[in-house]
Amino acid sequence: MTTSLTRAAFAAALAAGLCMPGAAAAQAFPERSITLVVPHSAGGTSDILARTLATEAAKTLGQTIVVDNKGGANGSIAAKSVATSAPDGYTLLLATASTHGINPALYKKLQYDAIKDFAPITLLATVPNVLVVGKQVQAADVPGLIAEIKADGDRFNMASAGAGTPGHLAGEMFKQRAGLEFVHVPYKGGSPAIADLIGGQVQFLFTTIPGALPNIKAGTLRALAVTSPRRSPALPELPTMAESGLPGFQAISWHGIVAPAGTPASVVDTLNQAFSRALASEQVRQRLLEEGAEAASLNTQAFGEFIQQEIANWAKAVEASGATAN
């Protein structure tokens, strides 16, 4: 009896000892710097948001978060690189409406699965698009623009930062919901699109608030509405598309954090807590507002459900637009 108990106790102790390295590793996370891959070039809204939150979250984690800009293919290059990384929490992706909303419907052969290949950590912020027109457009609001396009649609061209971008697909939603006909002119980025809108080569576009705000304030562009469910604190006087006669219209850009699928739950929880704490900082929230973004923390389950909803929402817009990419 005593011998059996001794052997059982020894076996239990041995099993506990064998399990200790993994448990200790999980408790010790992070033991070195973390890389946050951003699917856009430096200097844009995504990059600024990522660096702001990475700096603040690092204070909780006790390790540096290094931002690695990896643009191209509407964010799919960055997403694939993270999907195939070790699931240890040391390589993260700044997921966006493109990587985890639009791309699954846009790309015929997407080299990652937006659901199966990632572990959701948290939503960080939402960024409404804004409908802006140039000075050659007379309309003062969305109903006026709809009437103007219906009266003389041949002269209306809509710019975008590129085919398949949130701005392009917001325009396709607009076309479909309002029963309009106009020409889509894709550009290689938001800046040249805005420059041609100011110059009169195109008549309107949907773009992120940060990209258009300086020109809206300067009076070189006129804002008509935002595409979010509620008004934006960055432009509180501006109505939503829904308030402007298109109920249910929603086309937001957003940013969140995901890790490779298989990342331990304890690591995911640690990262969720760190970024959630960063979002609670008044200084961080104010910096996001300056970029036209609103802090929007979610737990891991809710963020996973949000991604699934976004994929379904954008799929309808992609189908309506006829846009595809290889």
Mind checking the [atom1]-[atom2] spacing from [X] to [Y]? Nearest 0.5 Å is all I need.
X: Gln111; Y: Ser81; atom1: CD; atom2: OG; result: 11.5 Å
X: Ile48; Y: Leu288; atom1: CD1; atom2: CG; result: 10.5 Å
X: Ile252; Y: Gln250; atom1: CD1; atom2: CD; result: 5.0 Å
X: His255; Y: Thr99; atom1: NE2; atom2: OG1; result: 9.0 Å

Notebook entry, point to check: Any sub-3.5 Å donor-acceptor pair from Asn157's side-chain atoms to His184's backbone N or O?
Noted result: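 No, because the side chain of Asn157 does not come within donor-acceptor range (under 3.5 Å) of the backbone of His184.
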Note to self: Looking at Glu291 and Leu49, would you say the former's side chain and the latter's main chain have a donor-acceptor pair under 3.5 Å?
What the structure shows: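 Looks like no, no N/O pair under 3.5 Å.
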Next item on the list: Could you state whether Tyr90 and Phe118 fall into the same hydrophobic cluster, counting links through intermediate Ile, Leu, Val, Met, Phe, Trp or Tyr residues with side-chain heavy atoms under 4.5 angstrom apart?
Entry: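 Unlinked, Tyr90 and Phe118 end up in two clusters.
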Note to self: Is there a continuous path of hydrophobic side-chain contacts, each under 4.5 Å between heavy atoms, that joins Leu93 to Ile257?
What the structure shows: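 Looking at the clustering, Ile257 is in a separate group from Leu93.
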Next item on the list: Please step through side chain to side chain donor-acceptor pair (under 3.5 Å) for the pair Ser276 and Ser297, ending with a clear verdict.
Entry: CA-CA 6 Å; Ser276 295; Ser297 179; 3.1 Å; yes
Taking atom [atom1] of [X] as the centre, does the number of heavy atoms from other residues, nucleotides or ligands within less than 6.0 Å exceed 12?
X: Glu319; atom1: CD; value: no
X: Lys175; atom1: NZ; value: yes
X: Gln63; atom1: CD; value: yes

Side chains of [X] and [Y] in contact at under 4.5 Å (non-hydrogen atoms):
X: Thr122; Y: Leu124; value: yes
X: Asp269; Y: Leu271; value: no
X: Leu169; Y: Trp314; value: yes

Next item on the list: Evaluate side-chain contact (heavy atoms from CB on, under 4.5 Å) for Ile307 paired with Ile115, printing each intermediate quantity in order.
Entry: CA-CA 8 Å; Ile307 290 173; Ile115 300 297; 3.8 Å; yes
Next item on the list: With sequence neighbours left out, write down each residue that passes side-chain contact (heavy atoms from CB on, under 4.5 Å) with Leu235, or none if nothing qualifies.
Entry: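 Only Val130, Ile209, Leu213, Ile216, Glu237, Leu238 meet the side-chain contact (heavy atoms from CB on, under 4.5 Å) criterion with Leu235.
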Next item on the list: Can you sort out the partners of Arg231 under side chain to side chain donor-acceptor pair (under 3.5 Å), two or more places apart, ordered by chain and number?
Entry: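 Partners of Arg231 under the side chain to side chain donor-acceptor pair (under 3.5 Å) test: Glu243.
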Next item on the list: Quick one: list whatever passes side chain to side chain donor-acceptor pair (under 3.5 Å) with Asp152, sequence neighbours left out.
Entry: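 Residues passing side chain to side chain donor-acceptor pair (under 3.5 Å) with Asp152: Arg155.
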Notebook entry, point to check: Would Glu290 and Arg287 pass as an ion pair if we require N to O under 4.0 Å?
Noted result: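 Salt bridge between Glu290 and Arg287, a charged N being under 4.0 Å from a carboxylate O: yes.
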Check: Salt bridge or not for Asp141 and Arg222, using N-O below 4.0 Å?
Finding: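 Between Arg222 and Asp141 there is no salt bridge, as every charged N stays at least 4.0 Å from the carboxylate O atoms.
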Margin query: Any donor-acceptor pair under 3.5 Å linking the side-chain atoms of Ser76 with those of Asn103?
Written below: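 Looking only at side-chain atoms, Ser76 and Asn103 do not form any donor-acceptor pair under 3.5 Å.
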Next item on the list: Could you tell me whether the side chains of Arg51 and Asn69 share a donor-acceptor contact shorter than 3.5 Å?
Entry: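 Yes, Asn69 and Arg51 have a side-chain donor paired with an acceptor closer than 3.5 Å.
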